[in-house]
Protein chains: 2
Amino acid sequence: MSWLARAEGLAGIEPGIAARLGTLPVSPLPKGKVLFCPGEAARGFTILLTGRVEVFLIGPTGREILLYAIEPGQSCVQSTLGLLGGEDYTGEAVAATGCEAVLVPKDIFLALMDDSPVFRRFVFGAFAQRLQSVMALLERVAFQKVESRLAADLLDRAADGAVHATHQEIATRIGTAREVVSRRLDALARAGMVRLDRGCVTIEDAAGLARLAAADGAR
Amino acid sequence: MSWLARAEGLAGIEPGIAARLGTLPVSPLPKGKVLFCPGEAARGFTILLTGRVEVFLIGPTGREILLYAIEPGQSCVQSTLGLLGGEDYTGEAVAATGCEAVLVPKDIFLALMDDSPVFRRFVFGAFAQRLQSVMALLERVAFQKVESRLAADLLDRAADGAVHATHQEIATRIGTAREVVSRRLDALARAGMVRLDRGCVTIEDAAGLARLAAADGAR
DNA sequence: GCGGCTGGGTGACACAGTCACAGACGGGCC
DNA sequence: GGCCCGTCTGTGACTGTGTCACCCAGCCGC
């Protein structure tokens, strides 16, 4: 069975196109692998099959912020920018887990864009989604307080009512500094909304956090 | 002569397509006209011929930030989002000057996406450019100090060595509050880099401003 | 037990955003 | 001219954030 069957976005792809795509090899990516860094030219169009890739923006002071994450079935949009618009991208992509991905070489990619409506729709959809998510992120960074972003992130990532992450990891995800996260978490703990342990935040009052998360987000 | 000749991005468009597009009417947009607001469904794909349209993100406190500007020959990308991805966009577009634009209805737009490689490339290019500019904006907002953004904006908008704008307008463009702009401008004036008059900032030391603008941007 | 490493806490300080005002200027109106 | 009113600008106070420079507490391997 070709990997194509595992990429939902490409369901219904034309048979002729599928034949061209299906033979491309699936590459494994070890956890922690850096997929690209600023200034590097795009080698092709990447489709993620399993795992999770996180793309960060890195500031001059070393502070980082999570730009977006690539989930299975999605493509790495930044690589497309290089193929279409031409400009270098800023930001760094890191495999957050072990991953499998397919790299579509540039010439095949361009040919598919001309030949396959399904493929085109797939690429466009990915673009639209990214643009929207980046704008949403901008809105949060520009207008929302840290407390609010923190609460939202905790609720978002809670597995079994707890988040396993260091303060530094949380800080990176919401685009602030570790100390700030520590202080805010401390405040939340004092308010009885969470419990803190080394490398783990346990949620005690999800409703309270939800209230904070909505506080100045109000979208 | 059709308006098509005035849209550089569409140069080289296929004759058959041109015939379909060329007869669409050119609409005038008065200065200050609001093109769309959050939640509104996209009516079609807009191509700007003359003038300038500015798109703002608006926070819950009423603070605004300039997301991007649409220049002649460019398209309104947000409207495309609605046609492709489906989600509503946030943000508000306002005609900064009197404008002329062409509205391509949804069905024609979708047909062109399938039929015309040139049109496709035009739309894709616009997308890529927007995504990149929004990411660059995010980077500035997340990592750059107000002083730096202010200096960059002044240099950017200086006509004849002066910027005609109120502090409020400047604040909106760089995504901060009026008071902050007033204070920063005051500091720049004390440092001899600018001269302040009502509704006008005169640049006295462009090199000094350039140094500030590059300070923590370092791209 | 010891040393080093990582995660977490703290205090000090500068910058930014918000609120609440107070002046200052300009243009229209009499 | 003098007056009024709305817009633009300056200021002070206070809170939230980002950064720097530390220290402390666990944990691990040796």
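Residue numbers start from 1 in every chain, and the chains themselves are labelled A, B, ... in the order their sequence lines are given, proteins ahead of strands.
Among the heavy atoms of the strands, none lies under 4.0 Å from R149(A).
Taking a 6.0 Å sphere around CG of D197(A), one finds it holds more than 12 heavy atoms contributed by other residues, nucleotides or ligands.
For the side chain to side chain contact (heavy atoms under 4.5 Å, CB included) with R184(B), the qualifying choice from L212(B), T176(B), V146(B), I174(B) is V146(B), the only one to do so.
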Kindly give the atom pairs (protein nitrogen or oxygen, nucleotide nitrogen or oxygen) under 3.5 Å for nucleotides 27-29 of chain D.
none

Under 3.5 Å, which protein N or O atoms sit close to an N or O of nucleotides 11-13 of chain D? Give each pair with its distance.
from, atom 1, to, atom 2, distance (Å)
dG12(D), N7, R183(B), NH1, 3.4
dG12(D), O6, R183(B), NH2, 3.4
dA13(D), N6, R183(B), NH2, 3.4

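Following rounding to the nearest Å, H164(B) (NE2) and dT9(D) (P) show an atom-to-atom distance of 13 Å. The distance between atom CG of L185(B) and atom P of dG10(D), rounded to the nearest whole Å, is 8 Å. One atom, CD of E64(A), and another, P of dT19(D), lie 13 Å apart when rounded to the nearest Å. To the nearest angstrom, C1' of dA25(D) lies 15 Å from CG of L196(A). For the pair Q144(B) CD and dT17(D) C1', the interatomic distance rounds to 17 Å; values are reported in whole Å. What separates NZ of K145(A) from P of dC14(D) is a distance of 17 Å, to the nearest Å. Residue R184(B) contributes atom CZ, which lies 17 Å from atom P of dT9(D) at whole-angstrom precision.
Remark: F56(A) engages no residue in a ring-ring contact (aromatic ring centres under 6.0 Å, His included) (not counting sequence neighbours). For E64(B), the salt bridge (Lys or Arg N to Asp or Glu O under 4.0 Å) criterion is met by no residue, not counting sequence neighbours. Shown here are the salt bridge (Lys or Arg N to Asp or Glu O under 4.0 Å) partners of E100(B), two or more places apart in sequence or in another chain: R6(B).
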Apply the test ring pair (Phe, Tyr, Trp, His ring centres under 6.0 Å) to residues F119(A) and F45(A): give CA-CA distance (whole Å), side-chain angles for both, the deciding distance (0.1 Å), then the verdict. CA-CA 12 Å; F119(A) 187 76; F45(A) 179 76; 5.7 Å; yes
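A cation-pi arrangement, defined by a distance under 6.0 Å to the six-membered ring centre and an angle within 45 degrees of its axis, is present between R130(B) and Y68(B).
Taking a cutoff of 4.0 Å between a charged side-chain nitrogen and a carboxylate oxygen, R190(B) and D186(B) qualify as a salt bridge. Taking a cutoff of 4.0 Å between a charged side-chain nitrogen and a carboxylate oxygen, E54(B) and R52(B) qualify as a salt bridge.
A heavy-atom distance below 4.5 Å is not found between the side chains of V94(B) and V53(B).
Counting only distance, with no hydrogens or angles, the side chain of S148(A) and the backbone of A213(A) share a donor-acceptor pair below 3.5 Å.
Nucleotides of DNA chain C with any atom under 4.0 Å from a heavy atom of chain B span, from 5' to 3', dA16(C) to dG26(C).
Closest-nucleotide positions on DNA chain C for F143(A) and H167(A) were compared, and the one nearer the 5' end corresponds to H167(A).
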